[in-house]
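Heavy atoms only: backbone and side chains are in, while hydrogens, waters and symmetry mates are out. Just so we're on the same page: letters track the sequence lines, and every chain starts at 1. Being a predicted model, the structure only gives us computed values, none of them experimental.
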2 protein chains.
Amino acid sequence: MVLLGRYVIRLSKLTDYAVVMLSYMAAREGEVYTTARLAQRSAVPEPTAAKILKSLARGSILVSQRGSNGGYELARPAAEITVAEIIVALDGPIALAACVEGSSDHCGVEQLCSMRGNWNRVNRAIRDALEDITLADMAVPFVAPAVVETRPEQGLR
Amino acid sequence: MVLLGRYVIRLSKLTDYAVVMLSYMAAREGEVYTTARLAQRSAVPEPTAAKILKSLARGSILVSQRGSNGGYELARPAAEITVAEIIVALDGPIALAACVEGSSDHCGVEQLCSMRGNWNRVNRAIRDALEDITLADMAVPFVAPAVVETRPEQGLR
DNA sequence: TCTAAAGAGGACTGATTTGGTCCTATTGGG
DNA sequence: CCCAATAGGACCAAATCAGTCCTCTTTAGA
């Protein structure tokens, strides 16, 4: 067994939700959004939305403001937030078999290990691709935020 | 819920094993390898190895020969087998939220759906990256196959 | 033509992992 | 102080995965 239980990259549901919420926030930068509001607008159940937002804050993608009148705000302009960061914030490092540069784990079979190191190339290729795509790119079709505003919630799927 | 239960790409343990086995086979193209032999050499339990090899054959990465003296052989030169193909053979399509080009699924919330379509860009970037890396690239460090030959099996991890 | 060696295919199971919920702090404005 | 928010975990049910096994088919060769 060699992989550390994480995939090179998993784009989980949570990540998808996160992008939806972040895109919504990107429509008006500088504004502070509460969990409740974001949950409604993105049709994600509130507790789950809360969990996602906390992770994003921990990942320095959002800045949180506690107390009343609190909420979340993009930590940076959307064009400076990469998809890679979002994924990392929610699913952990974009990552990685053992036998990978920097890893202290060791598979014990040297010959295999050296070969496996070549996943590095794959990892890097994917990381590079994801670091090139920003939240601003993802949010582009949000041309008419006003329209979205008028659509409260609705069951997904 | 929007993701179809599959990740954009999962590099599972099975995939890792597969690459190990395939690299071994790439050392001498044209040779036919039995499941038992490949399992031994790659330190993967035989039933599991068998499962992987069957999947690779179904994915046209290996050609199988049944009956006695049978076994598996690379379907093409290693330089023509991409990492993308290997992943697809084992984990299914590199893929994909609903609301993605070609998908017939529909999330029901148009505004969200249109935005989610932008995962396409991510999907494409990753697919491109993976289609650029071949088995030959992954197998490179196998400079001295003879050495590997003399190391039967050993517990991993 | 029979036998044994090999793969094909699929059912099944135990263990992880995920998504999702909830409860108890902590923070801060009015 | 009180209420509105977030922080941070613990926790659970359901889905998924790795791994095993059993039966069937194919084929070489004695």
**OP:** For the pair Glu29(A) and Arg76(A), find out whether any cationic side-chain nitrogen is under 4.0 Å from an anionic carboxylate oxygen.
**Re:**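 Here Glu29(A) does not pair with Arg76(A) in a salt bridge, since their nearest N and O are not under 4.0 Å apart.
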
State whether [X] places a side-chain N or O below 4.0 Å from either non-bridging phosphate oxygen (OP1 or OP2) of [N].
{"X": "Thr35(A)", "N": "dT6(D)", "answer": "yes"}
{"X": "Ser64(A)", "N": "dA7(D)", "answer": "yes"}
{"X": "Ser12(B)", "N": "dA18(D)", "answer": "yes"}
{"X": "Asn69(A)", "N": "dG30(C)", "answer": "yes"}
{"X": "Arg58(B)", "N": "dG9(C)", "answer": "yes"}

Calculate the interatomic distance between [X] atom [atom1] and [N] atom [atom2]; express it in whole Å.
{"X": "Leu14(B)", "N": "dT16(D)", "atom1": "CG", "atom2": "P", "value": "16 Å"}
{"X": "Tyr33(A)", "N": "dA5(D)", "atom1": "OH", "atom2": "P", "value": "16 Å"}
{"X": "Lys13(B)", "N": "dG14(C)", "atom1": "NZ", "atom2": "C1'", "value": "13 Å"}
{"X": "Leu53(A)", "N": "dG8(D)", "atom1": "CG", "atom2": "P", "value": "13 Å"}
{"X": "Ile52(B)", "N": "dA8(C)", "atom1": "CD1", "atom2": "C1'", "value": "16 Å"}
{"X": "Arg66(B)", "N": "dA8(C)", "atom1": "CZ", "atom2": "C1'", "value": "5 Å"}
{"X": "Asp16(A)", "N": "dG19(C)", "atom1": "CG", "atom2": "P", "value": "11 Å"}
{"X": "Arg37(A)", "N": "dT6(D)", "atom1": "CZ", "atom2": "C1'", "value": "17 Å"}

Below 3.5 Å between N/O atoms, which protein atoms pair up with nucleotides 20-22 of chain D? Just atom names and distances, please.
from, atom 1, to, atom 2, distance (Å)
dT20(D), OP2, Thr48(B), OG1, 3.0

Between [X] and [Y] (side chain of the first, backbone of the second, donor and acceptor by atom type, cut-off under 3.5 Å), is there such a pair?
{"X": "Glu131(A)", "Y": "Asp128(A)", "result": "no"}
{"X": "Gln40(B)", "Y": "Arg37(B)", "result": "no"}
{"X": "Asp132(B)", "Y": "Ala129(B)", "result": "no"}

I'd like a table of donor-acceptor pairs (distance under 3.5 Å, sequence neighbours excluded) in which one partner is a side-chain atom from residues 45-65 of chain B, with atom names and distances.
from, atom 1, to, atom 2, distance (Å)
Ser55(B), OG, Lys51(B), O, 3.2

Subject >> 5′-ward residue of the pair Tyr72(B)/Ser68(B) relative to DNA chain C >> reply: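 The 5'-side residue here is Ser68(B).
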
Original post:
By side chain to side chain contact (heavy atoms under 4.5 Å, CB included), which residues pair with Glu73(A), not counting sequence neighbours?
Top reply: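 Listed in chain order: Val32(A).
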
Subject >> Donor-acceptor pair between Thr15(A) and Asp91(A) side chains, under 3.5 angstrom >> reply: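 Yes, a side-chain donor-acceptor pair sits under 3.5 Å.
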
